[in-house]
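Contents: one structure, followed by commentary.
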Amino acid sequence: MQITGSEAVIRSILEEGVETIFGYPGGAIMPIYDALYDYRERLEHILVRHEQGATHAADGYARVKGDVGVCLVTSGPGATNLITGLANAMIDSVPMVCISGQVASPLLGSDAFQETDIIGISMPVTKWNYQITSASEIVEVMSKAFYLARTGRPGPVVVDITKDAQFGMVDFKYKKCTRLRSYFPYPKVKQEDIESAAILINNARKPLLIVGHGVLLSGAQKEFEDLAVKADIPVASTLLGLSAFPTKHPLYVGMMGMHGNYGPNVKTNECDVLIAIGMRFDDRITGDLKRYARQAAVIHIEIDPAEINKNVEVDVDVVADARQALKALLPMINDNSHADWIASFDSYRDEEYKKVIEPKIDGSNSGIIMDEIVHLVSEKTGGNAIVVTDVGQNQMVGARNYKFNKPNSWVTSGGLGTMGFGLPAAIGAKVALPDRQVIVFTGDGGFQMTMQELGTIAQSNIDVKIIIMNNNFLGMVRQWQDMFFEKRYSFTEISSPDFITVASAYGIEGCRVTKRAELDEAIDRLLNSENSFLLEVMVEKEDNVFPMVTAGESVSNIRLE
Amino acid sequence: MEKEFTVNVFSENHIGLLNRLTIIFTRRKINIESLTVSESHIKGIHCLTIVINSTETLVKKIVQQIEKLVDVLKAFYYTTDQIIYQEIALYKVPTEALTSGSEIEKIVRDYSARILEVTPEYTVIEKTGHKSETQELLNKLKPFDLLEFIRSGRVAITKPMKELMVHLKEKEQEFDYTNS
Ligand SMILES: Cc1ncc(C[n+]2csc(CCOP(=O)(O)OP(=O)(O)O)c2C)c(N)n1
């Protein structure tokens, strides 16, 4: 029996096991929305307030669920509103399929109403994209889209569907895509590379492990921990690797990079073997490359061959899925002990605690410090919440202070640093895993970039706990002006509406805290609220995030103040 | 050190591939000196030949990025001494210039060029060779009121003997298509 192209799109999404999609209707996507109406019981649709919100929600959904996030939008402005979210997912390797409507194929190229060349525009920010102009292409292209989004190094895909293709009729026989002639997603583990890596690891006296996003993407948390424990190697995390390894694990030494921890940054330039897994040596991790881990033999385990030697010249590369590589590596690893080396991190941890962390959380400051808030939330949730952040100081403070117990519990915009990511991403995370507590930390600036998504929360009744840490500034930029631009605060002071009133206009409960004495109780109220809750905490206006590897500096010259 | 590299890309013949490919260069501010798209000797596989000036470190990274494209089967880079290559150039001169007892015919012979078409108004000359050669001929013909000149992109045959299908077979051996 023939069905419409539109129905074929919906049924393809269902065949791929997707339960929820995020979208916004409009002229060129109306036939698909019409088909969705008949499937609304089987395929949940969350109506966002802006298509950018749909992309970040799909992104948050994908990250915590470990599956593809799906967006549905109209042509023209609907499609162009996807771009930031696509760029974000691309650079952070998040699997997404975004379906955009397009004008009917005879109108293509005629500057028709709401026609934009979304294929051309989205090319640099998608792993793959394709324009469907006939209903007969739908099944093949949709299955290809999902296959490409989720396999290998994941990424976002755009499928643009002309209106006539949506209206066209097609026989629906779904067949999942399992290979393409020109696409090589999973490099096979080469035994000789594993052997070279094992020799280096087994003979290392001061080895250091870096856990990256790839470990989460490949579901290799267990194998990673087994390696760390068996070979007794201290573990540092990238920003996106957070939650892959429990923060309180005795081998965990902290986060790498610009606002990472003291020990792992300094020790990067002391270790003899650096084992980086599922990461890409971003400049926010490495600082000055000429002074990065020069003394160390570097082992890079990474699925994307183009990442090998891209930024850091490595001694041994294992090009493979992290889990496959670790499974091959583990049997060759000797039981080992590096007690002295691991203990050598202690003095750095202590010094950082005494000089940086303690003064921020001991209540000695007149104003409330962001770190106090995250610290409290971390303790009160036992490290079991899903933590989402926006971008800026709130993000770095979140990363530095939450103590993760469970994997896939950290959702943040890493490579792109997209302000406005937090709230919609939290919506996606909650929809994906409704049984988990989802908390989003955001700044007053970033929140105002996508706060219209409060409407989504209200309409779809999504339980997200929002904590705005309001410093009246675009804090992270102000910090740079403070440190590198002689405190010339050029347009970084930002005013805000009364967020509590805004929330209440959406029927969302909230409260504002201005004094430290009120903080503890307010957090309890937030955590115990039955529904969404917005907590605004007025924090110290001009606090800076430390430690910091200033741009272009060496990681070993990380500043504590 | 910068030198000339010829990048050979074998791909599916899909709409948009060329765009994706050029983005890889433009994003890194690398100018494409010449670009030729053609069929390859294998049915359904297209070959793109791109000439750039770059360092070996950079060209290596670029080729890795190209191989990452979903529609690309395999990409290679070569230094100029690893390939046999040609470009074709066409020159249009007024036919007058030939008839008035000029040396054009001698020049054409000396440069192993040939006359492709003669009309009462214009004459078209063709020369195949390396850029320096077609350029030299251009300079020679300029004084004769040259009306038009065009040079094609590079076409190149590689010296190494390993055939593309062998490369592809080897590559297939090195990868899985699903993560089992
Ligand atoms: C869309 C976007 N625009 C601009 C920036 C640059 N930027 C990075 S951090 C930051 C300040 C963020 O301020 P706020 O949201 O108040 O958070 P805070 O740093 O104070 O925690 C800005 C403007 C960005 N990352 N993203």
Side-chain angles (χ1 to χ4, degrees), chain A residues 108 117-131 133 141 144-145 147-155 157-158 160 176-190 193 217-220 303-311 313 319-325 327, chain B residues 7-29 40 42-48 55-77 164-165 167-180:
Chain A
L108 285 171
D117 175 13
I118 194 60
I119 295 298
I121 297 175
S122 66
M123 225 166 240
V125 291
T126 49
K127 183 172 173 183
W128 184 72
N129 61 10
Y130 189 83
Q131 184 175 63
T133 51
V141 173
K144 194 169 160 182
Y147 173 65
L148 289 171
R150 62 160 71 99
T151 53
R153 179 174 178 178
V157 164
V158 165
D160 194 37
K176 273 201 173 190
C177 179
T178 51
R179 82 174 271 179
L180 294 168
R181 176 171 78 164
S182 61
Y183 173 65
F184 306 90
Y186 296 106
K188 284 183 189 160
V189 179
K190 290 204 183 86
D193 296 340
L217 286 169
S218 73
I303 195 165
D304 180 358
E307 291 299 342
I308 306 297
N309 296 329
K310 188 183 83 175
N311 297 335
E313 292 284 331
V319 186
D321 171 81
R323 187 154 169 270
Q324 304 294 346
K327 281 207 310 209
Chain B
V7 178
N8 261 4
V9 181
F10 294 92
S11 77
E12 301 286 1
N13 181 23
H14 287 168
I15 291 179
L17 190 260
L18 183 60
N19 204 349
R20 278 197 181 267
L21 194 69
T22 50
I23 287 170
I24 291 176
F25 293 92
T26 51
R27 197 183 151 189
R28 294 168 176 81
K29 276 217 121 177
S40 74
I42 298 160
K43 196 167 179 266
I45 295 182
H46 270 233
C47 176
L48 298 99
T55 61
E56 176 142 18
T57 330
L58 193 53
V59 80
K60 215 184 238 171
K61 288 181 188 179
I62 285 168
V63 166
Q64 285 182 318
Q65 294 295 334
I66 293 173
E67 286 218 321
K68 222 165 116 167
L69 296 179
V70 166
D71 288 329
V72 168
L73 289 122
K74 189 93 185 129
F76 305 89
Y77 71 90
L164 176 65
M165 284 316 281
H167 276 291
L168 289 180
K169 284 261 149 54
E170 281 179 11
K171 189 169 178 183
E172 270 174 30
Q173 296 301 313
E174 288 171 16
F175 288 85
D176 288 323
Y177 294 89
T178 49
N179 198 18
S180 43

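Below, chain A is the first sequence line, B the second, and so on; all start at residue 1.
With a 4.5 angstrom heavy-atom cutoff, A/Ile119 does not touch chain B via any of its atoms. For a residue to count as touching a neighbouring chain, one of its non-hydrogen atoms must lie under 4.5 Å from one of that chain's; by this rule A/Tyr130 does not touch chain B. Of the two parts of A/Gln324, only the side chain, counted from C-beta on, holds a non-hydrogen atom closer than 4.5 Å to a non-hydrogen atom of chain B. Contact annotation for B/Val70: both backbone and side-chain heavy atoms come within less than 4.5 Å of a heavy atom of chain A. Only the side chain of A/Lys144 comes within contact range of chain B, judged by heavy atoms closer than 4.5 Å. At a 4.5 Å heavy-atom cutoff, B/Ile15 makes no contact with chain A through either its backbone or its side chain. Using a 4.5 Å cut-off between heavy atoms, A/Arg181 contacts chain B through both its backbone and its side chain.
Ring orientation note: the planes of B/Phe10 and B/Phe76 are nearly perpendicular, at an angle over 60° on the 30°/60° scale.
Partners of A/Asp117 according to the side-chain hydrogen bond (donor to acceptor under 3.5 Å, both in side chains) rule, which considers only residues two or more places apart in sequence or in another chain, do not exist here. Listed by chain and residue number, A/Tyr183 satisfy the side-chain hydrogen bond (donor to acceptor under 3.5 Å, both in side chains) test with A/Thr151 (two or more places apart in sequence, or in another chain).
Nearest heavy atoms, A/Asn309 versus A/Glu313: OD1-CA, 3.4 Å. Across all non-hydrogen atoms, the minimal contact from A/Val319 to A/Pro187 is O-CB, 3.1 Å.
Counting only heavy atoms from C-beta outward, the side chains of B/Leu168 and B/Leu164 approach each other to under 4.5 Å.
By the 6.0 Å contact criterion, NZ on B/Lys60 is open, its count of non-hydrogen atoms from other residues, nucleotides or ligands being 12 or less.
Residue pairs meeting the salt bridge (Lys or Arg N to Asp or Glu O under 4.0 Å) criterion with at least one partner in residues 65-74 of chain B, sequence neighbours excluded, are A/Asp304-B/Lys68, B/Glu67-B/Lys74, B/Glu67-B/Lys171.
When each of B/Leu73, B/Thr57, B/Ile45 is checked for heavy-atom pairs under 4.5 Å with chain A, B/Leu73 comes out on top.
Remark: B/Asp176 CG to A/Lys188 NZ distance equals 5.0 Å, nearest 0.5 Å.
Inspection of non-hydrogen atoms places B/Asn19, B/Arg20, B/Ile23 of residues 17-29 of chain B under 4.5 Å from chain A.
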Audit row: A/Trp128, A/Tyr147, side-chain contact (heavy atoms from CB on, under 4.5 Å) steps and yes/no:
CA-CA 11 Å; A/Trp128 184 72; A/Tyr147 173 65; over 6 Å; no
